[in-house]
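Written below as structure tokens is the structure these notes are about.
Starting from 1, each residue takes its place in the sequence as its number.
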Amino acid sequence: MTKKLPGPAVHRRAVVLFTAALLLGLGLPRASAESRQDEPTSLITSPGYTRTSASPAPGLTLFTYQNPDDDRVVHVLRADPDAAPLTVESTAGTSGARAEKTTDMLKSTTGYAPRWPHAGLNGGFWYRQGDTLAFMGISVQGGVVQSASCSAAGRGEAALIQHGRPYIGDFTTHLAVTAPGAAPMPLDGVNRHPGWMTGCAQGSGATADRSIGGGVFADASEIIAFTSRFKAPTPVPDADARFTEDDDPGAEAVVAADGTVLSLNPNGRGGVTVPTGGRVLQGTGTGADWLRAHATPGTDLAFEERLHDERFGDDIPLDSSVDVVNGHYPLVHNAQYAYTGQNTAVDPRSAIAVDGPGRTLFVTATGKSGRNGVTLDEFARILLDLGAVDGLNMDGGGSTTLVVEQAVVNRPSDSTGERPVADSLYIGHGGYGHYAD
């Protein structure tokens with residue numbers, strides 16, 4: 001029997017935990033020396049707040065911090081993989097193109113109910129494009145890139161999940177397609193409409209579109225790849241009246257799992273189903289010109305997908321063990337306060353964190369009776385008081401959802417209850433065997 005060696009995430013996580021332990025052992029303050037030492041402690045350690053705990057399953061502890069005179073409540077689900085066979089994973093549900101509730105995503109991970117995950121947390125940031133969704137930054141599922149990273153430096157914040165353990169870092173994707181006799185052609189995005197994007201620029205040509213508002217970017221010349229996880233017809237031109245960049249009929253190539261071009265529509269795009277294991281390439285502007293010239297039927301295309309760790313400066317091999325879930329704003333790094341943004345809004349919040357002993361934390365801060373929460377500065381200090389070594393802010397607001405044993409434990413702020421989301425993190429059953437306890 002061959003022993004399976006730990007993946008890159010395990011080694012990187014060990015380095016991070018060792019560094020944090022060394023810093024704390026030297027007596028350095030957990031908050032940054034110039035900005036946080038003289039500030040008050042976090043919400044959960046303020047007067048009037050009490051902590052209760054429950055153990056929903058071996059190795060899991062659910063903590064609740066609340067004050068009878070305050071509408072806010074903090075839930076912390078802590079998973080200790082040394083105390084029980086637990087594994088951290090992620091899922092994008094069954095569609096990959098449309099949002100689903102976290103509770104439904106967890107149930108879709110297996111048809112055997114006793115093996116449904118113990119707990120789940122809503123995942124990364126996303127936005128709607130017509131009747132489908134797009135990730136606001138990087139997404140990897142089962143070693144396949146499902147969304148490109150943001151092109152701006154420092155916007156690859158994400159949780160890498162591998163072999164049941166999370167590693168929080170800064171990651172970039174490098175995507176290209178190559179045809180015989182041609183130089184590699186960069187892919188601008190994955191599983192989104194050509195022409196525009198929200199939240200962050202993807203690809204080299206995207207520019208801010210100030211006519212729409214902050215955080216919207218446009219690019220009239222792109223090649224977008226659609227994977228077989230995109231279980232919806234590919235988008236048609238002029239799908240959004242706000243933009244002219246998506247008006248180009250462009251071109252569309254259908255590519256088999258082995259890279260062979262099955263068909264090419266040189267003068268239009270949209271309404272195509274992605275073949276199993278294959279791709280569909282949509283091009284606009286110069287991207288459409290490249291497809292017309294190099295993606296004729298029968299051509300063998302080669303695809304390059306690289307995942308780069310900006311912290312350690314090397315590539316992480318993409319295999320079926322690798323998932324990546326995007327976040328925005330590191331809150332804690334190496335047991336130090338790390339939030340550098342200017343967002344002062346009070347909103348429901350979600351975070352994934354790892355503490356000194358290597359336990360995974362799912363954390364939410366919400367209201368008890370309505371839309372309430374904390375600022376990101378407050379949220380960072382909560383994670384520090386929980387002993388976090390690394391912590392990442394995930395999608396929040398109405399998306400904030402913490403599920404424990406198939407029940408939502410926080411109060412979602414949407415009047416309709418739990419909001420469908422793009423992906424979720426979860427704590428599942430480890431060990432071996434279909435019927436393992």
Side-chain angles (χ1 to χ4, degrees), residues 96-97 129 132 134-135 138-140 143-149 151 172-197 201-207 217-230 232-239 243-308 315 318:
Q129 290 189 312
T132 60
F135 286 97
I138 190 171
S139 174
V140 178
V144 179
V145 176
Q146 305 296 339
S147 179
S149 60
S151 54
T172 52
T173 55
H174 301 269
L175 312 173
V177 56
T178 303
M185 182 68 174
L187 297 174
D188 296 279
V190 182
N191 294 343
R192 67 165 174 82
H193 289 217
W196 66 278
M197 62 226 78
Q202 294 174 318
S204 59
T207 58
F217 301 84
D219 186 353
S221 291
E222 294 193 301
I223 295 182
I224 304 297
F226 293 87
T227 71
S228 55
R229 273 203 59 82
F230 189 83
T234 55
V236 298
D238 197 17
F243 301 94
T244 59
E245 288 86 355
D246 73 340
D247 293 353
D248 182 7
E252 183 170 60
V254 180
V255 185
D258 65 359
T260 304
V261 178
L262 300 176
S263 64
L264 172 68
N265 182 348
N267 300 305
R269 57 186 174 88
V272 171
T273 299
V274 183
T276 301
R279 295 175 174 85
V280 171
L281 302 179
Q282 284 196 345
T284 57
T286 56
D289 293 339
W290 190 93
L291 291 179
R292 296 182 188 113
H294 301 289
T296 53
T299 302
D300 291 328
L301 300 180
F303 292 89
E304 177 188 7
E305 290 191 346
R306 290 193 295 115
L307 177 65
H308 189 74
D315 287 348
L318 284 168

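- The two residues Pro275 and Val255 make their nearest non-hydrogen contact at CG-O, 3.4 Å.
- Between Glu305 and Arg279 there is a salt bridge, since a side-chain N of the basic residue sits under 4.0 Å from a carboxylate O of the acidic one.
- The side-chain heavy atoms of Ile223 and Met185, taken from C-beta on, include a pair separated by under 4.5 Å.
- The two atoms that bring Ala206 and Asp219 nearest to each other are N-OD2, 3.5 Å, heavy atoms only.
- Shown here are the side-chain contact (heavy atoms from CB on, under 4.5 Å) partners of Thr207, two or more places apart in sequence or in another chain: there are none.
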Is there a side-chain hydrogen bond (donor to acceptor under 3.5 Å, both in side chains) between Ser149 and Thr172 once you walk through the steps?
CA-CA 5 Å; Ser149 60; Thr172 52; 5.2 Å; no
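- Here the side chains of Thr299 and Pro180 are in contact, with some heavy-atom distance below 4.5 Å.
- Across Leu307 and Ile138, no two heavy atoms sit closer than the pair CD1-CD1, 3.6 Å.
- Scanning all heavy atoms of the two residues, the minimum distance from Thr284 to Arg269 falls at CG2-NE, 3.7 Å.
- Side-chain atoms of Thr234 come within 3.5 Å of backbone N or O of Val272 as a donor-acceptor pair.
- A distance of 9.5 Å separates CG in Leu175 from CZ in Arg306, rounded to the nearest 0.5 Å.
- Interatomic distance, Leu187 CG to Phe303 CZ, rounded to the nearest 0.5 Å: 7.0 Å.
- The side chain to side chain contact (heavy atoms under 4.5 Å, CB included) with Leu301 is formed by just one residue from the set Asp258, Val177, Thr178; it is Val177.
- The shortest non-hydrogen separation linking Ile224 to Asn191 is CG2-N, 4.1 Å.
- Contact between Arg292 and Gly250 at its shortest, heavy atoms only, is NH2-O, 3.4 Å.
- Ring pair Trp196/Phe243 is parallel by interplanar angle, where below 30° counts as parallel and above 60° as perpendicular.
- Side-chain N or O atoms of Gln202 include none that pairs as donor or acceptor with a backbone N or O of Gly189 at under 3.5 Å.
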Run the side-chain contact (heavy atoms from CB on, under 4.5 Å) test on Leu291 and Glu252 for me, step by step, so that the C-alpha distance in whole Å, both residues' side-chain angles and the decisive distance to 0.1 Å come before the verdict.
CA-CA 7 Å; Leu291 291 179; Glu252 183 170 60; 5.9 Å; no
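- Side-chain contact between Pro194 and Pro237 is absent, with no heavy-atom pair separated by less than 4.5 Å.
- Test Gln282, Glu222, Gln129 against Arg192 for side chain to side chain donor-acceptor pair (under 3.5 Å) and you get one pass: Glu222.
- Counted by atom type alone, Gln146 and Thr227 present one or more donor-acceptor pairs between their side chains at under 3.5 Å.
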